[in-house]
Amino acid sequence: MSLSSALSIAQSSLLNNGRQTSVVSRNVQESKNPDYTRRVAIVSSLAPGARVVDVQRATNEQLFRQNLSALSSWSGQSTLSSGLEQLEISVNGVDNSTTAATAIGKFQQALQTYSASPSNRTLAENAIDAARQVVRTLNSGTAAIQSFRVDMDGQIAAAVDELNGLLAEFKDVNTAVTTGTRAGRNVNDALDQRDALLKKIAEYVPLSTLTRGDNDMVLMTKDGATLFEQVPRTASFQASTSYGAGSAGNPVYIDGVPVGLGSGGNTDASGKIAGMVQLRDGVATRMQGQLDEIARGLVTAFAETGTAVADRPGLFTWPGAPAMPAASTLVDGLAGSIRISAAFDSSVGGNPELLRDGGANGTAYVVNIDGNASFADLLIAYGDRMDRPMAFDPSVGLTSNISLSNFSTASVGWFQAVRKDASEGAEAKEALAARTQEALSNDTGVNVDAEMSLLLDLEHTYEASARIIKAVDEMLAALLAAVR
């Protein structure tokens, strides 16, 4: 090998060493950045010597896609879980203190106490007050649920705006990637930015990606709706300022395709938008339906009956009075409109002892015909009706043939079961997201110890190249001295 060739090789080694050292230094510098992917300098052998021909990113497409999927699942699940916590406090209160089941239990106690001493007008007033509290609970529960749905609409609208903003950012970064690729420039930083945006977008909707020529990327949801193809597709939503029981929420559209509704406590919804839609149109509407069925059960259980006359609403009345609500059929909004009949309310001139005697709908409905002050048969009958199985609408998700008191308790149990499943699902999906992120980081992230070890190797290579140059220099100097 000639001295000039040896010198050329050593100089090439120093140049390569400088570029490799720069790459390693950048890796160490960005080691705390979760959106940075490790860079690797690619060295190619040339004659004479070698040179760095490219700087590439460490990638693992399969792990990255698994991480995006896990992020979407966790986002949807955590949104559902936190929303259920909010709904529980606003409707059921702390430790279920404001549930319909709690109010009905207290009403039953007041009714039993009154039946033990039916001549005591104070106990009659207490029973009416307990019934009035049941009505307040149902009314306030309805108001809280519909307010929650309006709040969800506001959050959905904000999430849709944020998603559209992220897609606009994605367009800019994707353009930088494709134009840079066509021009032969290094686009590693732009690719990092694009991957970081994909993670953010995956929190809103479940993603499926397709990479085409020039690193151009197409984004779709798992439902098949296109999110991005050269330009962002529009995500649209019209929020409602008020809701009534039974009213449907407006859908979220992505490129004209509605976002699907998830189901179950451990939901199959992915992305926070689907989680919020499930809260608004799934959990909240079912909870409302159960309250409406409790209200219908109360109207039915306390109906006044007579000989050769139709049944009429008694203590509990509704807007459809004097008719009775149809059996086993949900009446939307009944929990919000149920009232205590004025005939029993002493504050407006009513008589609370009609609960003992009957006759709120006229003499044909009087049961205590003799006006006996110790008459308790009707009070006992009311208590029996609350504990006797009746037909409920199966669409509200509970047993359709059960007593009113047990139905109200089952409603609380249903919600707690959904909340428990949602909480456990959130923990499991968070763990999966963390594990996939850790696996991805281990494969494509920066290991500072490994980089420092590589830097030490580069230092030794530098020293070796420097010694070669020094040796060549000394040999050339000796050769020149010999010529002279």
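Since the model is a prediction, treat every value here as computed from it, not as a measurement.
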Quick one: list whatever passes ring pair (Phe, Tyr, Trp, His ring centres under 6.0 Å) with Tyr243, sequence neighbours left out.
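In terms of ring pair (Phe, Tyr, Trp, His ring centres under 6.0 Å), with neighbours along the sequence ignored, Tyr243 is linked to no residue.
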Phe228: partners by ring pair (Phe, Tyr, Trp, His ring centres under 6.0 Å), with sequence neighbours left out:
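Once residues adjacent in sequence are excluded, the partners of Phe228 under the ring pair (Phe, Tyr, Trp, His ring centres under 6.0 Å) criterion are Phe170.
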Pick out which of Asp443, Asp192, Asp35 makes a salt bridge (Lys or Arg N to Asp or Glu O under 4.0 Å) with Arg57.
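Of all the options given, the one that passes is Asp192.
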How about Glu85: does its CD atom have over 12 heavy atoms from other parts shown lying under 6.0 Å from it?
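Yes, CD of Glu85 has more than 12 neighbouring heavy atoms, counting only those of other groups under 6.0 Å.
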Report the relative orientation of the aromatic rings in Phe407 and Phe392; use parallel for angles under 30°, tilted for 30 to 60°, perpendicular for over 60°.
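Phe407 and Phe392: parallel rings.
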Decide whether [X] and [Y] meet the rule of one side-chain donor and one side-chain acceptor closer than 3.5 Å.
| X | Y | answer |
| --- | --- | --- |
| Gln155 | Asp151 | yes |
| Ser25 | Ser22 | no |
| Ser69 | Lys222 | yes |

Looking only at atom types and distance, does a side-chain atom of Asn250 sit under 3.5 Å from a main-chain N or O of Gln238, one as donor and one as acceptor?
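The answer is yes, because a donor-acceptor pair under 3.5 Å joins these two groups.
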Would you say Thr179's side chain and Thr175's backbone share a donor-acceptor pair under 3.5 angstrom?
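Here the side-chain-to-backbone pair exists.
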Go through the steps for Met217 and Arg212 under the test side-chain contact (heavy atoms from CB on, under 4.5 Å), then give the verdict.
CA-CA 6 Å; Met217 183 171 280; Arg212 304 187 297 193; over 6 Å; no
Are the charged groups of Glu229 and Arg233 less than 4.0 angstrom apart, N to O?
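Judged by the 4.0 Å cut-off on N to carboxylate O distance, Glu229 and Arg233 do form a salt bridge.
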Cationic N near anionic O, under 4.0 Å, Arg39 to Asp189
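Salt bridge present between Arg39 and Asp189.
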Partner residues of Arg38 under the salt bridge (charged side-chain N to carboxylate O under 4.0 Å, His left out) criterion, sequence neighbours left out
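None.
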Is any side-chain heavy atom of Arg194 closer than 4.5 Å to one of Asn174?
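Sidechains of Arg194 and Asn174: in contact.
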